[in-house]
Amino acid sequence: MTYTISLEPGELDLRQCVSCGQVFLWRETAPYLWLGVDGEAWFRVQVTPDGLNVESNVPSERFRRLFNLDVDQAEQEAAIRAAAPELEPYIARFPGLRLMRPSCPVETLCCFLCTPNNHLRRIMPMARALQAYGDPIGEVEGVVLRRFPEIEAVASIPEHELRAKGFGYRARSIPLTAARVAERGGRQWLTSLRAKPYAEAFEALIALPGVGPKLADCIALFALHKTEAVPVDTHLWQAATRLYFPEWRGAAITESRYRAVGDLFRAKFGPLAGIAHHYLFYDNMRNAGRSQTSGTMGRKERIDSSGS
DNA sequence: TAGGGACCTGCC
DNA sequence: GCAGGTCCCT
C-alpha cells in the first residue's frame, strides 16, 4: 500500500533518524529514497520537499508509530529547554531528530550486540548480515527485503559462518547471548520487559552476557521505549563531562560515574531524559574526530617527531 | 571501587 | 591507533 505523510518543517528528518544509530536496517538506495525494515514491516520512503511518499506492507499508523509522529515534538523540546537552557543550541541544531520506537526488541538487541568496541561503518553491514538470516517479508525493485531473524535463529548460527562474514570475536558472543535470551523465553521475554519499570528492565538486560550498562540502556530506550534510559557511551560521556561534570573530563567511565550521569539526566528531565540524551549524543557523534573544544587529543596538536 | 589490558576487523 | 563497550584482573 502507499500513502503520503505531509510534514511541517522540522517535524521529521528521516535521514537523521535512521542513520544516527538508533536503527541499523535502513539505507538510502538512491538520493532521497530510503528502504528500511522494522520487525515484519518494510518501508520504501521517498523524501519530498513537503513530506514523504511511503510504500509499505503496513498502514501509515505503523509508520507514524515507528517515528513517534503522534507525540508533539515542539512540546517536548520546549520542556527540555525549560529544564536545561544550556541544551538550546543542540536542539536548534537538529530539527526533526526524533527518538524512534522500533517494534522488534530482538532486532534492537542483536544489532546493538554488534556495537561495542566497533564503529558505525562496520556495524551497519554486520546488522545486515544478521538480517540476511531472517524470513523474506517483501520485494521492492527486485530487492528481497527480510525481517530480522528470531532470537532462536540467531542463537543457532554457527560461529564459523559469522567469522567468515567478518564478525571477529562477536561471531561467538552474539549467538551465545541470543541463546541466553532464548532460554529466558526469547521474543516474549524481551517484549514482557516493556511492561516492567525501567530499573527492573535494566537489571534484567544487564544480566545477559555481553550486555553492559550502555547496551542495557540502549535496548531499554529504543526497544523497550523506556525514555528514562540514558545510554552513556563515549559521545554522551564527552558531552556530559563538558557540560555537567568538568571534574571528570578525560577520566574513565566507571560504574558509579555511569550511574551519576544517568541519574543527573533523570533528575533534570524525568521521562524525557532519553530524548535529551539524544541531542547531545548526536551532536558529539557528528563532531567526533574534529577538534572538539580545547581537547588534549587533537591529532595535529601532537608533538611527535618520531617518523618511525 | 578505580585502573589497565585484551578483544576481531577495517579505516584513518 | 582507535572505534557508540564488556569482561576479567589487580
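Computed from heavy atoms alone, side chains included, the values below leave out hydrogens, waters and symmetry copies. Naming convention: chains lettered A, B, ... in sequence-line order (proteins, then strands); numbering from 1 in each chain.
Remark: F281(A) in residues 266-282 of chain A come within less than 4.0 Å of DNA chain C through at least one heavy atom. Interface residues of residues 100-125 of chain A facing DNA chain B, ordered by number: N117(A), H119(A), R122(A); criterion, heavy-atom separation under 4.0 Å. Listed by residue number, the members of residues 16-26 of chain A with any heavy atom below 4.0 angstrom from DNA chain C are C20(A), G21(A). For residues 212-229 of chain A, proximity to DNA chain C is found at G212(A), P213(A), K214(A), L215(A), C218(A), defined as any non-hydrogen atom under 4.0 angstrom from a strand atom.
Note that R27(A) lies outside the cation-pi zone of W34(A), set by a 6.0 Å cut-off to the ring centre and a 45° limit from the axis.
Within the structure, every pair that satisfies the salt bridge (Lys or Arg N to Asp or Glu O under 4.0 Å) test and touches residues 125-141 of chain A, not counting sequence neighbours, is listed here: R44(A)-E141(A). Sorted by first and then second residue, the pairs that involve residues 187-212 of chain A and meet salt bridge (Lys or Arg N to Asp or Glu O under 4.0 Å), not counting sequence neighbours, are E150(A)-R187(A), K196(A)-E200(A). Sorted by first and then second residue, the salt bridge (Lys or Arg N to Asp or Glu O under 4.0 Å) pairs with a member in residues 89-106 of chain A read R93(A)-D283(A); sequence neighbours excluded.
Only the P atoms considered, dT6(C) is 22 Å distant from dG10(B), to the nearest whole Å. One P atom belongs to dA2(B), the other to dG4(C), and the distance between them is 25 Å to the nearest Å.
Distances were taken from every side-chain heavy atom of T254(A) (C-beta onward) to each of dA2(B), dC8(B), dG4(C); the shortest belongs to dA2(B). For T234(A), the listed nucleotide lying nearest its side chain is dG4(C); candidates were dC8(B), dG3(B), dG4(C).
Checked against a 6.0 Å centroid threshold, the rings of F67(A) and W26(A) count as neighbours. For F112(A) and F222(A), the gap between ring centers is short of 6.0 Å.
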For nucleotides 8-10 of chain C, list the nitrogen or oxygen atoms of the protein found under 3.5 Å from its nitrogen or oxygen atoms, one pair per line.
none

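Side-chain atoms of D38(A) never come within 3.5 Å of backbone atoms of A41(A) as a donor-acceptor pair (strictly under, hydrogens ignored).
Partners of P149(A) according to the side chain to side chain contact (heavy atoms under 4.5 Å, CB included) rule, which considers only residues two or more places apart in sequence or in another chain, are Y133(A), A153(A), V154(A). Evaluation of the side chain to side chain contact (heavy atoms under 4.5 Å, CB included) rule for E228(A) yields Y198(A), K226(A), R266(A) as partners, not counting sequence neighbours. When the side chain to side chain contact (heavy atoms under 4.5 Å, CB included) test is applied to P158(A), the partners found at least two apart in sequence or on another chain are H160(A), E161(A).
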Quiz item: Given pairs defined as Watson-Crick or G-U wobble with both distances under 3.5 Å, what dot-bracket annotation applies to DNA chain C, with ( ) intrastrand, [ ] crossing, | other strand and . unpaired?
Solution: |||.||||||
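Contacts of R257(A) with the nucleic acid, taken as non-hydrogen atoms under 4.0 Å apart, involve only primed sugar atoms and P, OP1 or OP2.
One interatomic measurement links the two molecules: CD1 of I174(A) to P of dT6(C), which rounds to 13 Å at whole-angstrom precision.
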